[in-house]
Amino acid sequence: MSTSIPPSDNLPNHHAVGEALVEKAARYSAPALEKGLDILEALSASAQGYTLNQLSQVLGRNVNEIFRMVVTLQHRGYIQTDENDRYTLTLKMFTLANRQPPLKSLVSAALPLLQELAERTRQSAHLAIYQNGRVVVVAQADSPERWSFGLKVGVVMGLTDTSSGHVLLAYQDEVTRTRMLSSHIHVEGELDMDPGQLFSLLETVRQTGYAMMPSIQIQGVTNIAHPVWGQGQRVVAAINIPHIARIDGTPTPNTEQIKQMLAEICTRLSQRISEAPDLQG
């Protein structure tokens, strides 16, 4: 049985199709919006922020092109300036993101458990998720002790050199992990990680079920993180305890006990998530 081939006149002209798509995209483009998004993305990649002149250089645009957009973003509360006229992002976008029902529900479900964990371990604890190439703290509970060490809600952390990042990377499939690493954005203080060393660490996390490592930024802090599982055996978050040791003889749970408590809390939160689709984060 032979297969007829349509005449070439009936075949699609891929070059013409490509040109049509480009023309359509250009027709529906929004230059002002793109300019504003460029500004936000540039500032999100800088820990110290930029002056107006520096921002214009980073974007490859002159100051006049971006001045009105910068003023508008500042007026709407998306960016702010310091005493040195350096622009940085505010937490407004993070606040807007937290209004999303899944994330809001995840945080609501996690907070009582984080507070219980802090009481039992006598340590601070925080919940972190992967978002746009970085790890973001979305909920936190302080230690009940007279002093504590914790991270503020909204803080971004490195993806490749933190225990939370290792947990969030370790349990992804290869395609998702590659996508996460390819969109990775370095944050202030984040160390470059050799790929071979990173993959070895991720394998250890999968074998042990948790990540534990000395803080790379703060001396005397040991980070312990466990995964939080969603539906479909997908890790949706990590709970981390930045452990600080008492040296005055006051009895407190040791790291082995803390790992067990942390695992239990993560299991309970994972069960809540798996039973409620709206907690998928």
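Positions are given from 1, in the same order as the sequence printed here. Only a predicted model underlies this, so the values are computations on that prediction, with no experimental measurement involved.
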(request) Using modelled atom types only, decide if a donor and an acceptor are shared between the side chain of Ser200 and the backbone of Gly196 within a distance under 3.5 Å. (result) no
(request) Go through the side-chain N and O atoms of Thr160 and Glu190 and say whether any donor and acceptor fall under 3.5 Å apart. (result) yes
(message) Let me check something: do Ile79 and Val58 share a hydrophobic cluster, defined by ILVMFWY side-chain heavy atoms less than 4.5 Å apart, either directly or through other members?
(response) yes
(message) Please give me the minimum heavy-atom distance between Leu151 and Met157, naming the atom from each residue.
(response) CD1-SD, 3.2 Å
(message) Looking only at side-chain N and O atoms, does Thr51 offer a donor or acceptor that is under 3.5 Å from a partner on Asp85?
(response) no
(message) Tell me whether Tyr130 contacts the main-chain N or O of Gly133 through its side chain, where contact means a donor paired with an acceptor under 3.5 Å.
(response) yes
(message) Side chains of Gln80 and Tyr87, heavy atoms from C-beta outward: is any pair under 4.5 Å?
(response) no
(request) Work out which heavy atom in Ser148 is nearest to a heavy atom in Ser124; give both atom names and the distance. (result) CB-OG, 3.4 Å
(request) Determine whether the side chains of Glu119 and Gln115 contain a donor N or O and an acceptor N or O closer than 3.5 Å. (result) no
(request) Would you tell me whether Gln140 and Asp142 have side-chain atoms, one donor and one acceptor, within less than 3.5 Å of each other? (result) yes
(message) Using a strict threshold of under 4.0 Å (side-chain N to carboxylate O), is an ion pair present between Arg179 and Glu174?
(response) no
(message) Tyr210 and side-chain hydrogen bond (donor to acceptor under 3.5 Å, both in side chains): which single residue from Lys259, His226, His166 fits?
(response) Lys259
(request) Following the transitive rule for hydrophobic clusters with a side-chain heavy-atom cut-off under 4.5 Å over Ile, Leu, Val, Met, Phe, Trp and Tyr, establish whether Met193 and Leu191 coincide in one cluster. (result) no
(message) When you compare the side chain of Glu264 with that of Arg120, does any pair of heavy atoms fall below 4.5 Å?
(response) yes
(message) Is it the case that over 12 heavy atoms from other parts of the model lie below 6.0 angstrom from the CD atom of Gln219?
(response) no
(message) What I want to check is whether the side chains of Thr176 and Asp173 have a donor and an acceptor closer together than 3.5 Å.
(response) yes
(request) Using atom types as modelled and distance alone, determine if a side-chain donor or acceptor of Tyr78 lies under 3.5 Å from a backbone N or O of Thr72. (result) no
(message) Looking at Arg86 and Glu83, is any side-chain nitrogen of the basic one under 4.0 Å from a carboxylate oxygen of the acidic one?
(response) no
(message) Is there a side-chain contact between Ile241 and Asn223 in this structure, where contact means two heavy atoms from C-beta onward sitting under 4.5 Å apart?
(response) no
(message) Tell me the closest heavy-atom pair linking Val228 and Cys266, and the distance in Å.
(response) CG2-SG, 4.2 Å
(message) If you compare all heavy atoms of Ala42 against all heavy atoms of Leu59, which two are closest, and at what distance to 0.1 Å?
(response) CB-CD2, 3.9 Å
(message) Quick check on side chain to side chain contact (heavy atoms under 4.5 Å, CB included): which of Arg122, Gln123, Gln260 does Pro253 satisfy it with?
(response) Arg122
(request) Report yes or no: does Ser270 contribute a side-chain atom to a donor-acceptor pair with the main-chain N or O of Trp229 at less than 3.5 Å? (result) yes
(message) On a heavy-atom basis, which atom in His126 and which in Ser164 lie closest, and how many Å separate them?
(response) NE2-OG, 4.2 Å
